[in-house]
*Asks:* 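Okay, here's the structure, questions in a sec.
Hydrogens, waters and symmetry mates play no part in the numbers below; they use all other heavy atoms, side chains included. Along the sequence shown, the residues carry numbers beginning at 1.
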Amino acid sequence: MSIPAFGVGTFRLQGQVVIDSVRNALDVGYRAVDTAQIYENEAEVGQAIAESGVAREDLFITTKIWVPNYAQGKLIPSLQDSLAKLRTDYVDLTLIHWPAPGNGVTVAEFMTALAEAQSQGLTRQIGISNFPIAETRAAIAAIGREAIATNQIELSPYLQNAALTAFLKEQGIHVTSYMTLAYGKVLKDPVINQIAERHDATPAQVALAWALQLGYSVIPSSTKRENLASNLLAQQLRLTADDMAAIAALERNGREVSPEGLAAAWD
């Protein structure tokens with residue numbers, strides 16, 4: 001089992017907008033789709049997938065458990081509800097969306113419940129999202145590092161998470177990068193644009209190729225078919241060592257997302 005290198009994200013997309021985005025993504029060649037309970041679009045994602053004509057076994061569907069559903073007696077029923085909305089008997093990957101320290105459910109409890117969902121066949125793989133090192137250690141202590149397929153984290157040229165990504169590599173836990181374009185901010189960066197010009201590529205392709213070359217998976221989203229198709233081409237772009245070094249120098253701890261009560265202390 002492995003995590004696809006490239007998928008389409010659906011954060012902040014709802015209604016017909018997310019249906020069109022997922023349908024277009026599948027039509028231009030995407031086979032991995034990332035959603036979450038809190039996105040409130042699982043039913044629309046399920047509709048788009050059902051109408052796409054793509055066989056279920058050719059798809060990789062990820063969802064994430066939301067905070068009120070972390071408790072032992074709630075996690076599995078909530079995932080079953082997600083499966084019904086997604087119109088599938090299983091998802092390929094289920095993540096705990098945020099550590100949410102202090103919400104009354106321990107890491108050990110929700111990771112054990114997640115592992116039980118996997119043992120019941122509701123999800124092929126399991127993992128975590130937005131987990132710093134300490135919380136990742138707690139998840140490993142609960143179910144073992146081999147059971148954790150990925151840690152999906154905010155990661156971009158402006159937020160490179162050196163300590164966390166080094167720890168995850170050491171533990172053999174794959175990194176999935178979300179918000180790789182930093183809400184579009186990196187698309188305006190002069191260094192990124194210079195690299196793009198040299199390669200006859202787009203700034204988005206450069207940022208995504210950077211993450212891919214570091215061994216991370218990416219899940220960019222777009223409401224435009226042409227951007228979905230263009231982003232996918234990042235897989236063919238090979239950046240030079242000088243390009244990678246120039247992007248590495250853009251680090252500025254530029255975190256975009258850190259909701260109070262959900263995030264734990266960042267490394």
*Asks:* If Ile, Leu, Val, Met, Phe, Trp and Tyr residues are connected whenever their side-chain heavy atoms lie under 4.5 Å apart, and connections chain through other members, are Ile219 and Leu95 in the same group?
*Replies:* no

*Asks:* So, taking the atom named OG in Ser52 and the one named CZ in Arg31, what distance separates them when rounded to the nearest 0.5 Å?
*Replies:*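 Answer rounded to 0.5 Å: 7.0 Å.
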
*Asks:* Applying a strict under-4.5 Å side-chain criterion to I, L, V, M, F, W and Y, I'd like to know whether Val105 and Ile128 cluster together.
*Replies:*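 Looking at the clustering, Ile128 is in the same group as Val105.
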
*Asks:* Check the side chains of Thr150 and Thr176 for a donor-acceptor pair under 3.5 angstrom, ignoring hydrogens and angles.
*Replies:*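 Side chains of Thr176 and Thr150: pair found under 3.5 Å.
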
*Asks:* Residues in side chain to side chain donor-acceptor pair (under 3.5 Å) with Thr62, at least two apart?
*Replies:*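 If we apply the side chain to side chain donor-acceptor pair (under 3.5 Å) test to Thr62, skipping adjacent residues, there are no hits.
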
*Asks:* Closer than 3.5 angstrom, by distance alone: can the side chain of Ser217 be matched with the main-chain N or O of Pro4 as a donor-acceptor pair?
*Replies:* yes

*Asks:* Which atom pair, heavy atoms only, marks the closest approach of Glu256 to Ala182?
*Replies:* OE2-O, 4.1 Å

*Asks:* Determine which pairs satisfy ring-ring contact (aromatic ring centres under 6.0 Å, His included) with at least one residue from residues 11-36, sequence neighbours left out, and list them in order.
*Replies:* Phe6-Tyr30, Phe11-Tyr39

*Asks:* Tell me whether Ile173 is reachable from Ile96 by hopping between hydrophobic residues (I, L, V, M, F, W, Y) whose side-chain heavy atoms are closer than 4.5 Å.
*Replies:* yes

*Asks:* Locate the shortest heavy-atom distance separating Ala71 from Glu109; write the atom from each residue and the value.
*Replies:* CA-OE2, 3.5 Å

*Asks:* Donor-acceptor pair, distance only, cut-off 3.5 Å: does the side chain of Glu251 make one with the backbone of Ala248?
*Replies:*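 Here the side-chain-to-backbone pair does not exist.
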
*Asks:* I would like to know whether Gln72 and Thr112 meet side-chain hydrogen bond (donor to acceptor under 3.5 Å, both in side chains); could you show each step before the answer?
*Replies:* CA-CA 8 Å; Gln72 184 80 37; Thr112 301; 5.7 Å; no

*Asks:* With heavy-atom distances below 4.5 Å as the criterion, would you say the side chains of Ser129 and Trp98 are in contact?
*Replies:*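 With C-beta onward as the side chain, the pair stays apart.
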
*Asks:* Strictly distance-based, threshold 3.5 Å: is any side-chain N or O of Ser156 a donor or acceptor partner for the main-chain N or O of Leu159?
*Replies:*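 Such a contact is found between Ser156 side chain and Leu159 backbone.
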
*Asks:* With heavy-atom distances below 4.5 Å as the criterion, would you say the side chains of Val257 and Tyr183 are in contact?
*Replies:*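 They are in side-chain contact.
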
*Asks:* If only side-chain N and O atoms count, and only distance matters, is there a donor-acceptor pair under 3.5 Å linking Ser78 with Gln37?
*Replies:*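 Present: a donor and an acceptor within the cut-off.
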
*Asks:* Under 4.5 Å between side-chain heavy atoms, hopping through other hydrophobics if needed: is there a path connecting Tyr216 to Leu93?
*Replies:*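 No, separate clusters.
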
*Asks:* Between Val33 and Phe60, is there a side-chain heavy-atom distance shorter than 4.5 Å?
*Replies:* no

*Asks:* Test Leu26 against Leu59 for side chain to side chain contact (heavy atoms under 4.5 Å, CB included), laying out the working first.
*Replies:* CA-CA 9 Å; Leu26 295 175; Leu59 294 170; 3.6 Å; yes

*Asks:* Are Tyr90 and Val54 connected in the hydrophobic side-chain network, where two residues link if heavy atoms are under 4.5 Å apart?
*Replies:*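 No, because Tyr90 and Val54 fall into different hydrophobic clusters, even though each may have its own neighbours under 4.5 Å.
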
*Asks:* To check you understand the geometry: which heavy-atom pair defines the closest contact between Ala108 and Ala142, and what is its length?
*Replies:*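 For Ala108 and Ala142, the tightest heavy-atom pair comes out as CA-CB, 3.8 Å.
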
*Asks:* In terms of side-chain geometry, is the basic nitrogen of Asp81 or Lys74 positioned less than 4.0 Å from the acidic oxygen of its partner?
*Replies:*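 Salt bridge flag = no for Lys74 with Asp81.
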
*Asks:* Can you name the closest pair of heavy atoms from Ile143 and Ala115 and give their distance?
*Replies:*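 Heavy atoms of Ile143 and Ala115 come nearest at CG2-CB, 4.1 Å.
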
*Asks:* Is there a salt bridge (charged side-chain N to carboxylate O under 4.0 Å, His left out) between Arg252 and Asp189? Walk through the geometry before answering.
*Replies:* CA-CA 13 Å; Arg252 60 187 66 177; Asp189 189 277; 3.8 Å; yes

*Asks:* Do Asn253 and Gln160 have side-chain N/O donor and acceptor atoms under 3.5 Å apart?
*Replies:*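 Absent: no donor and acceptor within the cut-off.
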
*Asks:* Any donor-acceptor pair under 3.5 Å linking the side chain of Thr123 with the backbone of Ile126?
*Replies:*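 Such a contact is absent between Thr123 side chain and Ile126 backbone.
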
*Asks:* Just how far is it from atom OG1 of Thr106 to atom OH of Tyr70, taken to the nearest 0.5 Å?
*Replies:* 12.5 Å

*Asks:* So which heavy atom on Ala50 is nearest to which on Arg87, and how close?
*Replies:* CB-NH1, 3.7 Å

*Asks:* Tell me, do Arg124 and Gln118 make a side-chain contact under 4.5 Å, heavy atoms counted?
*Replies:* no

*Asks:* Does a salt bridge link Asp89 with Arg56, judged by any charged N lying under 4.0 Å from a carboxylate O?
*Replies:* no

*Asks:* With the side chain counted from C-beta on, respond yes when Leu262 and Trp66 share a heavy-atom pair under 4.5 Å apart, and no when they do not.
*Replies:* yes

*Asks:* Dump the intermediate steps for side-chain hydrogen bond (donor to acceptor under 3.5 Å, both in side chains) on Ser119 and Glu116, then the final yes or no.
*Replies:* CA-CA 5 Å; Ser119 72; Glu116 175 59 25; 3.2 Å; yes

*Asks:* Could you tell me the separation between the OH atom of Tyr158 and the CE atom of Met179, rounded to the nearest 0.5 Å?
*Replies:* 15.0 Å

*Asks:* Looking only at side-chain N and O atoms, does Glu42 offer a donor or acceptor that is under 3.5 Å from a partner on Thr63?
*Replies:* yes

*Asks:* Can you check whether His199 reaches Leu239 side chain to side chain, under 4.5 Å on heavy atoms?
*Replies:*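 Sidechains of Leu239 and His199: in contact.
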
*Asks:* Between Ser258 and Trp266, is a side-chain hydrogen bond (donor to acceptor under 3.5 Å, both in side chains) present by the stated rule, with each step listed?
*Replies:* CA-CA 9 Å; Ser258 186; Trp266 298 112; 2.8 Å; yes

*Asks:* About how many Å separate CG of Asn41 and NZ of Lys85, when rounded to the nearest 0.5 Å?
*Replies:*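 Between atom NZ of Lys85 and atom CG of Asn41 there are 10.0 Å.
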
*Asks:* So, the side chain of Asn24 versus the backbone of Asp20: is there a donor-acceptor pair under 3.5 Å, distance only?
*Replies:*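 At least one qualifying donor-acceptor pair exists.
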
*Asks:* When you look at Thr180 and Leu155, which way does the side chain to side chain contact (heavy atoms under 4.5 Å, CB included) test go after all the steps?
*Replies:* CA-CA 6 Å; Thr180 317; Leu155 194 148; 5.7 Å; no

*Asks:* Could you walk me through whether Asn130 and Glu135 pass the side-chain hydrogen bond (donor to acceptor under 3.5 Å, both in side chains) check?
*Replies:* CA-CA 9 Å; Asn130 300 299; Glu135 284 67 29; over 6 Å; no

*Asks:* Can you tell me if Ser21 uses its side chain to pair, donor with acceptor, with the backbone of Val17 under 3.5 Å?
*Replies:* no

*Asks:* Quick one: closest heavy-atom pair of Leu75 and Ala117, and the distance?
*Replies:* CD2-CB, 4.3 Å

*Asks:* Find the distance between CZ (Arg238) and CD (Gln213) and round it off to the nearest 0.5 Å.
*Replies:*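 Spacing of CZ (Arg238) from CD (Gln213) equals 4.0 Å.
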
*Asks:* Tell me whether the guanidinium CZ or amine NZ of Arg137 lies under 6.0 angstrom from the six-membered ring centre of Phe131 and within 45° of its axis.
*Replies:* no

*Asks:* Mind checking whether Asn193 and Val191 have side chains closer than 4.5 Å, heavy atoms only?
*Replies:* no

*Asks:* Can you check side chain to side chain contact (heavy atoms under 4.5 Å, CB included) on Leu181 and Lys185, steps first, answer last?
*Replies:* CA-CA 7 Å; Leu181 309 181; Lys185 291 178 182 177; over 6 Å; no

*Asks:* Of Val206, Asp243, Leu208, Ile195, which meets side-chain contact (heavy atoms from CB on, under 4.5 Å) against Leu237?
*Replies:* Val206

*Asks:* Is the side chain of Thr10 donor-acceptor paired with the backbone N or O of Leu13 at a distance under 3.5 Å, no angle test?
*Replies:*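 Such a contact is absent between Thr10 side chain and Leu13 backbone.
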
*Asks:* How long is the straight-line distance from OG1 of Thr202 back to CD of Glu197, given to the nearest 0.5 Å?
*Replies:* 12.0 Å

*Asks:* Of the options Asn151, Ile153, Asp267, which is the one that meets Pro132 in a side-chain contact (heavy atoms from CB on, under 4.5 Å)?
*Replies:* Asp267

*Asks:* Does the pair Ile192 and Leu187 meet the rule for a side chain to side chain contact (heavy atoms under 4.5 Å, CB included), with working shown?
*Replies:* CA-CA 7 Å; Ile192 298 287; Leu187 305 183; 5.8 Å; no

*Asks:* Heavy-atom distance under 4.5 Å between the side chains of Leu232 and Leu228, does that happen here?
*Replies:*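 When only atoms from C-beta onward are counted, Leu228 and Leu232 do not touch, as no gap falls below 4.5 Å.
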
